[in-house]
Amino acid sequence: MRIASYNVENLFNRAKIFDQRTWALGRPVLEAFQRIGDLLEEPVYTPEIQHDILRELARLGLRNGDTAKFARLRQNRGRLVVRRRDGRVEVVAGGRDDWIGWVELTTDRVEELSLVNTARVILDVRADILAVIEAESRLALRRFAEGGLRGLYEHIMVVDGNDERGIDVGVMSTVDFPLTGQRTHVDDVDERGRVFSRDCPEYHFRTPAGDDLVVLVNHLKSKGYGGKAASDATRRRQAARVAEIYRQQRTPLVAVVGDLNDTPESEPLAPLLRDTDLRDISTHPAFEDAGRPGTYGSCTARNKLDYVLLSPKLFAAATGGGILRKGVWGGRRGVLWPIYDTMTKPVHAGSDHAAIYADIDVTRLGDQQTVKTEETSVAE
């Protein structure tokens, strides 16, 4: 059995702001987008909040119109702002209940060759269970699978998460590993509020031997924008909650996978990597990384962001694993490692993340499975 994780960076449509040459160029827009999303949810728009709303609209290019290069203001019922002929712009909504609308990022279609190379990565990895990070929707993932993956995956699921940019997490599995249940954690809260930027869905599978296998798919808070202290604190809260969800599973066969957006030794990931018995497949003696431990960008150690973490019984049955980075542009000139012949410039890359996978000998699992006391809980 092969379990893999791959951040596909959206399949058909991607926010324009993500296509800037560096994070520094896109960061002001993303910070303004996050900030105005919080402001618009306030029950009462005080004069101070109105001032801040207008400031963030200006940063997004939306002060003088509802459409800008990177963002769009939707005013579906009622009005948030009125733009006067003399140039004045006023917030006329008194609070969240006075209007229906939001700010969204504008999108472009993904380069066609990029989509081809995304499919090549998935076909080359050929995982039995594949976690897909940054999928727009279940419909998009299903269309992609039907059009480019040669019928490899029978079971496809994406649960809408908390991110408004269309970067959800999902899963695909082959006919031999049917999806038997799912549970979302989009509404999990702690003392500081909602925990997950996206979600930490539980996907339950049945192995050919009839064992229950749970895969927790994650995309933790990015370090790309917002203050470091705040983003680190959010990622730590998320890692701690993932660890709790892992400990609650009734089966000993659990994998925690996805883009955790931090390195193995980082403090934000400590609740998950240090304080649980999960084992990173990249520490297995038969793991193959071609001398580069990273999974993102230049794939150095500080770019190790993607993980397949295994419970002790899964890790004991692991035979190895690896990183497939042929769909990632190899450095400035694309020569740091072998890439697909269909990639002649960076925009053709399948993703700026590599796929990571773990191989497990399922014949070793039969004597390890414990008996569940009740059926898996399913929530959609």
Side-chain angles (χ1 to χ4, degrees), residues 13-18 25-108 136-137 159-168 184-200 219-222 224-235 237-238 241 379-380:
N13 292 284
R14 179 169 173 80
K16 290 181 179 180
I17 196 62
F18 289 141
L25 293 174
R27 183 171 182 166
V29 170
L30 291 171
E31 288 180 340
F33 176 75
Q34 182 181 42
R35 176 61 178 149
I36 199 165
D38 293 338
L39 291 168
L40 296 181
E41 292 304 312
E42 292 289 341
V44 177
Y45 298 160
T46 64
E48 293 79 11
I49 290 174
Q50 291 180 26
H51 175 271
D52 290 347
I53 288 173
L54 292 175
R55 181 190 64 211
E56 302 307 329
L57 288 175
R59 293 177 68 191
L60 292 166
L62 296 172
R63 185 179 176 91
N64 297 319
D66 284 358
T67 302
K69 181 177 181 181
F70 295 121
R72 180 181 294 111
L73 172 62
R74 298 284 192 185
Q75 301 186 89
N76 293 341
R77 182 176 298 174
R79 304 292 296 177
L80 171 66
V81 295
V82 170
R83 302 176 179 95
R84 309 293 184 186
R85 290 186 178 182
D86 61 6
R88 290 182 298 121
V89 183
E90 300 176 16
V91 175
V92 294
R96 178 72 271 187
D97 290 342
D98 284 356
W99 70 297
I100 298 175
W102 57 86
V103 172
E104 62 190 22
L105 297 176
T106 56
T107 61
D108 268 341
E136 297 96 306
S137 65
V159 179
D160 283 344
N162 293 318
D163 199 307
E164 297 179 0
R165 298 169 295 173
I167 50 175
D168 294 318
T184 178
H185 289 277
V186 291
D187 292 327
D188 285 11
V189 296
D190 61 12
E191 67 280 357
R192 297 187 58 185
R194 184 167 288 160
V195 176
F196 292 112
S197 313
R198 266 70 71 160
D199 191 5
C200 173
H219 187 189
L220 301 192
K221 174 71 172 68
S222 171
Y225 63 97
K228 181 180 184 305
S231 64
D232 283 357
T234 298
R235 219 160 31 257
R237 289 170 55 219
Q238 293 169 347
R241 179 57 184 143
E380 296 188 52

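Just so it is clear, the structure is predicted and the values come from calculations on it, not from any experiment.
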Quiz item: Can we say R83 and D66 salt-bridge, meaning some charged N sits less than 4.0 Å from an Asp/Glu carboxylate O?
Solution: yes

Practice problem: Measure the CG-CD distance between L80 and Q50 for me, rounded to the nearest 0.5 Å. | Solution: 9.0 Å

Quiz item: Which pair of non-hydrogen atoms, one from W99 and one from A93, has the smallest distance, and what is that distance?
Solution: CD1-CB, 3.7 Å

Quiz item: What are the two closest heavy atoms between P28 and R59, and how far apart are they?
Solution: O-NH2, 3.3 Å

Quiz item: Atom CG of D52 and atom OG1 of T46: how far apart are they, to the nearest 0.5 Å?
Solution: 8.0 Å

Quiz item: Is any side-chain N of the basic residue among R194 and D188 closer than 4.0 Å to the acidic one's carboxylate O?
Solution: no

Quiz item: Do you know which two heavy atoms are closest between L60 and A68, and how far apart they sit?
Solution: O-CB, 3.4 Å

Quiz item: Going by heavy atoms in the side chains, are V186 and D160 under 4.5 Å from each other?
Solution: no

Quiz item: Taking all atoms of both residues into account, what is the closest heavy-atom pair of S222 and S231, and its distance?
Solution: O-CB, 3.7 Å

Quiz item: Are side-chain heavy atoms of H51 and E48 found at a separation under 4.5 Å?
Solution: no

Quiz item: Which distance, rounded to the nearest 0.5 Å, do you find between the CD of Q238 and the NE2 of H185?
Solution: 13.5 Å

Quiz prompt | Note, L30 side chain near L105 side chain (heavy atom, < 4.5 Å) | solution = yes

Quiz item: Got a second to check how far R198's CZ is from H219's NE2, nearest 0.5 Å?
Solution: 4.0 Å

Quiz prompt | Close side-chain approach of L73 to V81, heavy-atom, < 4.5 Å | solution = yes

Quiz item: Taking E90 as the fixed residue, which of R79, R84, R63 is the one that meets the salt bridge (charged side-chain N to carboxylate O under 4.0 Å, His left out) rule?
Solution: R84

Practice problem: Considering only NZ, NE, NH1 and NH2 on the basic side and carboxylate oxygens on the acidic side, decide whether E31 and R27 come within less than 4.0 Å. | Solution: yes

Quiz item: Salt bridge or not for R241 and D190, using N-O below 4.0 Å?
Solution: no

Quiz item: Would D168 and D199 satisfy side chain to side chain contact (heavy atoms under 4.5 Å, CB included), going step by step from the backbone distance to the final call?
Solution: CA-CA 8 Å; D168 294 318; D199 191 5; over 6 Å; no

Self-check item: Nearest-0.5 Å distance that lies between atom OH in Y45 and atom CD1 in I53
Solution: 5.0 Å

Practice problem: For R237 and G193, work out which heavy atoms get closest and say how close. | Solution: NH2-O, 3.4 Å

Quiz item: Do the side chain of E104 and the main chain of R72 share a donor and acceptor less than 3.5 angstrom apart?
Solution: no

Practice problem: Report the distance from atom CZ of F196 to atom CG of N162, rounding to the nearest 0.5 Å. | Solution: 9.5 Å

Self-check item: Cationic N near anionic O, under 4.0 Å, R235 to D232
Solution: yes

